[in-house]
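Reading through the structure tokens given below for one structure.
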Amino acid sequence: SKYCVAVVNATTGIFVSLKVLGVEKGDEVLVPTLTFIGSVNPISYCGATPHFIDLSVNNNFIDINYDKLDTYLSSIVKFKNGNSINKNTGNTIKAIVPVHLFGHPSDMRKCLMLAKKYRLKIVEDCAEALGSKFKKTHVGNFGSTGVISFNGNKIITTGGGGAIITNSKKLYKKINYI
């Protein structure tokens, strides 16, 4: 990526990413049901609601079921002022956090298509996927931001810490400021 900011841990990285992307109280953020609490707590820290989404097993790997998610979103989303509004709750569905589990990339092609269709920001949780690629591109470079962990159980460890990566100079400046 073009820009990188060190953070105390990946949870903080996801929180800062969501904040600079405008996630706030009353919003909803899509997150897979199989993840670590560090992907979910930052959503709550923003005052937003984690909106858990279904998974499926594809090619012997567990990933977001993007086809089912598209069908689900098409039934609950109405567009208002350029935002995806959940008809059931009245809240804005603001972002999605794909989690690249165990070094296996989520299907970012499908994720990008859904994000464009439903006007969602993408914060990639790459805590377990440093060095992993999807279609020859390192994960973390598809969304607005990617978040890496250097915790003691990760690929590269410093005992703790993390990083936010982005290719947006504007986001980099906001992240660096925060």
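Numbers here are sequence positions counted from 1.
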**Request:** Starting from the C-alpha separation in whole Å, work towards a yes-or-no answer on side-chain contact (heavy atoms from CB on, under 4.5 Å) for Val23 and Ile43.
**Result:** CA-CA 8 Å; Val23 174; Ile43 298 166; 5.7 Å; no
**Asked** Do Asn167 and Asn141 have side-chain N/O donor and acceptor atoms under 3.5 Å apart?
**Response** yes
**Message:** Measuring from atom OG1 of Thr145 to atom CG of Leu18, what distance do you get when rounded to the nearest 0.5 angstrom?
**Reply:** 7.5 Å
**Prompt:** Are any non-hydrogen side-chain atoms of Glu124 and His100 less than 4.5 angstrom apart?
**Reply:** yes
**Heavy-atom closest pair, residues Ser17 and Val123** = CB-CG1, 3.8 Å
**Asked** Closest approach of Ser74 and Thr71, non-hydrogen atoms and distance?
**Response** OG-O, 2.8 Å
**Request:** Please test Leu171 against Leu21 for side-chain contact (heavy atoms from CB on, under 4.5 Å), starting from the C-alpha separation and ending with a verdict.
**Result:** CA-CA 8 Å; Leu171 284 178; Leu21 293 171; 3.9 Å; yes
**Asked** Counting only N and O atoms by type, is there a donor-acceptor contact under 3.5 Å from the side chain of Ser84 to the main-chain atoms of Tyr118?
**Response** yes
**Asked** What distance do Phe134 atom CZ and Ser106 atom OG have between them, rounded to the nearest 0.5 Å?
**Response** 8.0 Å
**Rounded distance (nearest 0.5 Å) linking atom NZ of Lys19 with atom CD1 of Ile178** = 8.0 Å
**Prompt:** Does Lys121 use its side chain to pair, donor to acceptor, with the backbone of Ser144 at less than 3.5 Å?
**Reply:** no
**Prompt:** Can you check whether Phe52's main-chain N or O pairs, donor with acceptor, with Thr33's side chain at less than 3.5 Å?
**Reply:** no
**Spacing of Leu112 atom CG and Ile122 atom CD1 [to the nearest 0.5 Å]** = 4.5 Å
**Item:** Separation of Glu24 CD from Cys46 SG (nearest 0.5 Å)
**Value:** 9.5 Å
**Request:** Please report the C-alpha distance between Ile53 and Ile96 in whole Å, then the side-chain angles of each, then the deciding distance to 0.1 Å, and finally whether the side-chain contact (heavy atoms from CB on, under 4.5 Å) criterion is met.
**Result:** CA-CA 10 Å; Ile53 52 180; Ile96 184 169; 4.2 Å; yes
**Ile93 side chain reached by Ile76 side chain, heavy atoms, under 4.5 Å** = yes
**Asked** Quick one: CD1 on Ile165 to OH on Tyr3, what's the gap to the nearest 0.5 Å?
**Response** 13.5 Å
**Prompt:** Counting only N and O atoms by type, is there a donor-acceptor contact under 3.5 Å from the side chain of Thr92 to the main-chain atoms of Lys94?
**Reply:** no
**Prompt:** So, Asp63 side chain and Asp107 main chain: donor-acceptor pair closer than 3.5 Å or not?
**Reply:** yes
**Asked** Is Val31 reachable from Tyr45 through a run of hydrophobic residues whose side-chain heavy atoms are each under 4.5 Å from the next?
**Response** yes
**Prompt:** Would a hydrophobic clustering, with Ile, Leu, Val, Met, Phe, Trp and Tyr connected at side-chain separations under 4.5 Å, put Ile62 with Phe102?
**Reply:** yes
**Item:** Heavy-atom donor-acceptor pair, Asn9 side chain to Thr11 backbone, under 3.5 Å
**Value:** yes
**Prompt:** OH of Tyr177: more than 12 outside heavy atoms within 6.0 angstrom?
**Reply:** no
**Message:** Could you see if Leu130 belongs to whatever hydrophobic cluster contains Val8? Use Ile, Leu, Val, Met, Phe, Trp, Tyr and a side-chain cutoff under 4.5 Å.
**Reply:** no
**Request:** Please confirm whether the backbone N or O of Ala127 pairs with a side-chain atom of Asp125, one donor and one acceptor, at under 3.5 Å?
**Result:** yes
**Message:** Could you tell me if the side chain of Ile64 sits less than 4.5 Å from the side chain of Leu55, heavy atoms only?
**Reply:** yes
**Prompt:** Are His51 and Tyr72 near enough that their ring centres are under 6.0 Å apart?
**Reply:** yes
**Request:** Is it possible for you to say whether Met113 and Tyr66 belong to one hydrophobic cluster, with membership spreading through side-chain heavy-atom contacts below 4.5 Å?
**Result:** no
**Request:** Using a cut-off of 6.0 Å, state whether more than 12 heavy atoms not belonging to Lys87 lie near its atom NZ.
**Result:** yes
**Message:** As a quick check of understanding, evaluate side-chain contact (heavy atoms from CB on, under 4.5 Å) for Val7 and Phe15, giving each step before the final call.
**Reply:** CA-CA 11 Å; Val7 290; Phe15 171 69; over 6 Å; no
**Message:** Please tell me whether Asn41 and Ser44 have a donor and an acceptor in their side chains that are separated by less than 3.5 angstrom.
**Reply:** no
**More than 12 heavy atoms of other groups within 6.0 Å of Phe36 CZ** = no
**Item:** Minimum heavy-atom distance between Gly146 and Cys126, given as atom pair plus value
**Value:** CA-SG, 4.3 Å
**Asked** Quick one: does Arg119's side chain get under 4.5 Å of Asn83's, heavy atoms only?
**Response** no
